[in-house]
Amino acid sequence: MSVTTRFAPSPTGFLHIGGARTALFSYLYAKRFNGQFLLRIEDTDRERSTQEAVDAIFEGMAWLGLHGDNKAPIYQTQRFDRYKEVIAQMLAAGTAYHCYASKEELDALRAEQMANKQKPRYDGRWRPEAGKLLPTPPAGVNPVVRFRNPTEGEVVLNDLIKGTITFASDELDDLIIARADGTPTYNFCVVVDDMDMGVTHVIRGDDHVNNTPRQINILRALGATPPAYAHVSMILGSDGAKLSKRHGALGVMEYRSMGFLPEALLNYLVRLGWSHGDQELFTREEMIAKFDFDHVSASPARFDMEKAWWVNHQYLKSVDPSVVVPEFQWHLEKIGVDVSQGPSLTAVIEQQRERCRSLVEMAEKSKFFFAELDGYNEKDAAKHFNPAALALLAELRGQLEALPEWTTEALHAAVNGFAEAKGLGLGKIAQPIRVAVCGMAVSPPIDATLFLLGRTRTLARLAAAAGSA
RNA sequence: GCUCCUAUCGUCUAGAGGCCUAGGACGGAGCCCUCUCACGGCUUUAACCCCGGUUCGAAUCCGGGUAGGAGCGCCA
């Protein structure tokens, strides 16, 4: 059986981390079965939907490399004719009916039911029944259209993640499928779209579980076979609270700014709620080959930054440097570094990746390779720039200047030989050099650092430091 | 209030009745390595929400609590 999944965000904000994971699961499941992963924009709420949000979502998806298989995403606002057609069909078939109850009337009904400790629901006052006398439609009122929900039996949902969930039909009231102005509502559009798009697996947040039985009933009323459902639990903040704008509810592009590699974020996300034995790291191919719903947890998971950083570090260390280059360059440029004036980014990445968990950190720690020093770290200078050390730097500078070739090996021999000749541990000389050329006491191995920095910059900075005494 | 969902180390999880004196990973602690910061290696820390039941045997099955969460719109 071919598999078709979809990701259907409503464009009211950026692509957040929970949405990204839902999209990832949908993507992986479709790819696993050589199926289709479709994109749909649920923009029927014209008040809240914006083009900026649509763009932000696409930007996030593109950065993560989660591409839809449809040429152009489907927009619900472009399908109104189709929805009207289906509503007309249902009205004609008697599976939907007009309701003239006013909002005030409905509000009063809800208030009364709440007061009686009942679940608020439509009481069916305009629902046609055999032998029932309907009220006279009030003049000048545009009716809404309601779905005529079956009242007998139960709806059984075999959720791929949560297992079997049963709903009693009489718990379900007659929901509105078209507003008084004729525009269709969410639960209805979803059903028609999924049916028309041939969606076989609906993968979405578990806040939709309670909508599912109604959607199944509409599908049945339309004579369609309901798809399989997988309701993914939500992602919580590290404090266990729901992610809100105030804390943690960041767009995926924020994670880029923080210094994550897209494939690392994906890897962290796929392991949040899903597992494959003890395996922590997966290439995209492995994710596709191994992803399944049997091992997706039904309970919500907290987002743990520490673990996410660990995963990011694993990627930085193991991935081919060429895939890191574009992101690294983006971060360097973001802090105003001109990457044309310095060593190759690949070489810098190879030296720095062991000691950086994020690209922000890597950019900060590599700035000195490309830009002039803006002073020395005060504590480091105070500790390592004593008169004796500065005299050593001046002396070493002379030896380096005379070096016939500027290679890591030659520099290694020169610096180590110098320390040995002076009867000093390497640390005694390497640390002052670091502060002099890097501005701080932390850098890759000293030979590699000097090599990457280059002869001109190294000699100039040693001279500047020695002369600062 | 009603309906629905969830519950193993601090966190993510393995676990589909005996393989569990509960495994892995992140984090924490310690040791080793070491020119700084790191990497790496080793050791260690810490959990089956509670109460009943089924069974020779339960983290695993059932029931009831408790605690979290979601939904109950002419929002999506």
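Since the structure is predicted, the reported quantities are computational estimates derived from the model, not experimental observations. Numbers restart at 1 for each chain; the letters A, B, ... are given by sequence-line order, proteins then strands.
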What pairs of donor and acceptor atoms, side-chain ones from residues 441-453 of chain A against any protein atom, are under 3.5 angstrom apart with sequence neighbours left out?
from: A/S443; atom 1: OG; to: A/R434; atom 2: NE; distance (Å): 2.9
from: A/S443; atom 1: OG; to: A/T449; atom 2: OG1; distance (Å): 3.1
from: A/D447; atom 1: OD2; to: A/H412; atom 2: ND1; distance (Å): 2.9
from: A/T449; atom 1: OG1; to: A/P444; atom 2: O; distance (Å): 2.9
from: A/T449; atom 1: OG1; to: A/P445; atom 2: O; distance (Å): 2.9

### Task
Let me know the distance between CZ of A/F282 and C1' of B/rC12, rounded to the nearest Å.
12 Å

### Query
Between B/rA14 atom C1' and A/D292 atom CG, what is the distance in whole Å?
14 Å

#### Entry: 5'-most by nearest nucleotide on RNA chain B - A/K117 or A/I165
A/K117

### Message
When the C1' atoms of B/rU43 and B/rC51 are compared, how many Å lie between them, rounded to an integer?
### Response
39 Å

### Message
Applying a 4.0 Å non-hydrogen cut-off, can you work out what A/N187 is touching in the nucleic acid: base, sugar-phosphate, or nothing?
### Response
base

### Task
Determine, using ring centers only, whether A/Y268 and A/Y255 are less than 6.0 Å apart.
no

### Message
Give me the distance, rounded to whole Å, that separates B/rC4 from B/rG63 when you measure between the P atoms they each carry.
### Response
13 Å

### Query
What is the distance, rounded to the nearest whole Å, between atom CG of A/D173 and atom P of B/rU3?
15 Å

### Message
Under 4.0 Å, heavy atoms only, any strand: does A/T44 hit a base, just the sugar-phosphate, or nothing?
### Response
sugar-phosphate

### Task
To the nearest Å, give me how far apart CG (A/N210) and C1' (B/rA70) are.
7 Å

### Query
If only atom types and distance count, is the side chain of A/R271 paired as donor or acceptor with the main-chain N or O of A/Q279 below 3.5 Å?
yes

### Task
For B/rC37, decide between syn and anti, treating a glycosidic angle within 90° of 0 as syn.
anti

### Query
What is the per-nucleotide protein-contact pattern of nucleotides 20-39 of chain B, from the 5' end, where B denotes a base atom under 4.0 Å from a protein heavy atom, S denotes such proximity for sugar-phosphate atoms only, and - denotes neither?
---BBBSS-------BBBBS

### Query
A/R48 near the nucleic acid: base, sugar-phosphate alone, or nothing, with a heavy-atom cut-off under 4.0 Å?
base

### Task
Output yes when at least one side-chain N/O atom of A/T185 is less than 4.0 Å from OP1 or OP2 of B/rC74, else no.
no

### Task
Give one of base, sugar-phosphate or nothing for A/Q118, where a contact means two heavy atoms less than 4.0 Å apart.
base

### Task
For B/rC20 versus B/rA47, give the span between their C1' atoms, rounded off to a whole number of Å.
13 Å

### Interatomic distance at C1', B/rC9 relative to B/rC62, whole Å
27 Å

### Summary
When both distances are under 3.5 Å in a Watson-Crick or G-U wobble arrangement, the nucleotide paired with B/rC26 is B/rG10

### Message
Using a 6.0 Å distance limit plus a 45 degree cone around the ring axis, check whether A/R214 lies over the aromatic ring of A/F147.
### Response
no

### Message
Could you check whether any side-chain N or O of A/R302 sits under 3.5 Å from a backbone N or O of A/S238, counting only pairs where one atom can act as donor and the other as acceptor?
### Response
yes

#### Entry: A/N149 side chain to A/D174 backbone, donor-acceptor under 3.5 Å
no

### Task
Could you tell me whether A/N211 contacts a base, only the sugar-phosphate backbone, or nothing, with contacts defined as non-hydrogen atoms closer than 4.0 Å?
base

Where do N or O atoms of nucleotides 59-61 of chain B meet protein N or O atoms at under 3.5 Å, pair by pair?
none

### Message
Before we go on, tell me: are the rings of A/F291 and A/F293 under 6.0 Å apart, centre to centre?
### Response
yes

### Task
Using a heavy-atom cut-off of under 4.0 Å over every strand shown, decide if A/A101 touches base, sugar-phosphate, or nothing.
base

### Message
Please name the nucleotide paired to B/rC35 by Watson-Crick or G-U wobble geometry with both distances under 3.5 Å, or report none.
### Response
none

### Query
Could you state the CE-C1' distance from A/M234 to B/rG69, rounded to the nearest angstrom?
6 Å

### Query
Considering only the P atoms, how many Å lie between B/rG69 and B/rC12, rounded to the nearest integer?
15 Å

### Task
Hunt down the Watson-Crick or G-U wobble partner of B/rC20, both distances under 3.5 Å, from any strand shown, or write none.
none

### Message
Under 4.0 Å, counting only non-hydrogen atoms across every strand here, what does A/K103 touch: a base, just sugar-phosphate, or nothing?
### Response
base

### Task
Between B/rC26 and B/rA46, how far apart are the C1' atoms? Round to whole Å, please.
13 Å

## Note on the structure
Partner of B/rU3 under the Watson-Crick or G-U wobble criteria, both distances under 3.5 Å, comes out as B/rA70

### Check: A/D380 side chain, A/V435 main-chain N or O, donor-acceptor pair, under 3.5 Å
no

### Message
Once you apply a heavy-atom cut-off of 4.0 Å, does A/A180 come out as touching a base, just sugar-phosphate, or nothing?
### Response
base

### Message
Nearest whole Å is fine: how far is B/rU11 P from A/R302 CZ?
### Response
5 Å

### Message
Let's test this: given Watson-Crick or G-U wobble pairing with both distances under 3.5 Å, identify the partner of B/rC49.
### Response
B/rG65

### Query
Which atoms form the tightest heavy-atom contact between A/A20 and A/L15, and what is the distance?
N-CD1, 3.9 Å

### Summary
Among B/rC12, B/rC5, B/rU13, the one nearest any side-chain atom of A/L272 is B/rC12

### Query
Nearest-Å distance, CD (A/E171) to P (B/rG1)?
16 Å

#### Entry: Charged N-O contact under 4.0 Å between A/K307 and A/E280
yes

### Task
Pick base, sugar-phosphate or nothing for A/H208, based on heavy-atom distances below 4.0 Å to the nucleic acid.
base

### Summary
Across every strand shown, the nucleotide meeting Watson-Crick or G-U wobble geometry with B/rA59 (both distances under 3.5 Å) is none

### Summary
A/Y83 OH to B/rA76 P, in whole Å, measures 11 Å

### Query
Which of these nucleotides, B/rC74, B/rC2, B/rC12, is closest to any side-chain atom of A/L106?
B/rC74

### Query
Any Lys/Arg nitrogen of A/D173 or A/R146 sitting under 4.0 Å from an Asp/Glu carboxylate oxygen of the other?
no

### Query
Are a donor atom and an acceptor atom from the side chains of A/Y186 and A/N211 found within less than 3.5 Å of each other?
no

### Query
Of all the nucleotides listed (B/rC4, B/rC72, B/rU6), which has the minimum atom distance to the side chain of A/V209?
B/rC4

### Task
Check whether any side-chain heavy atom of A/V156 lies under 4.5 Å from a side-chain heavy atom of A/F167, and answer yes or no.
no

### Query
Taking for each residue the nucleotide of RNA chain B with the nearest heavy atom, is it A/Q76 or A/D207 whose nucleotide lies nearer the 5' end?
A/D207

### Task
Give one of base, sugar-phosphate or nothing for A/G273, where a contact means two heavy atoms less than 4.0 Å apart.
sugar-phosphate

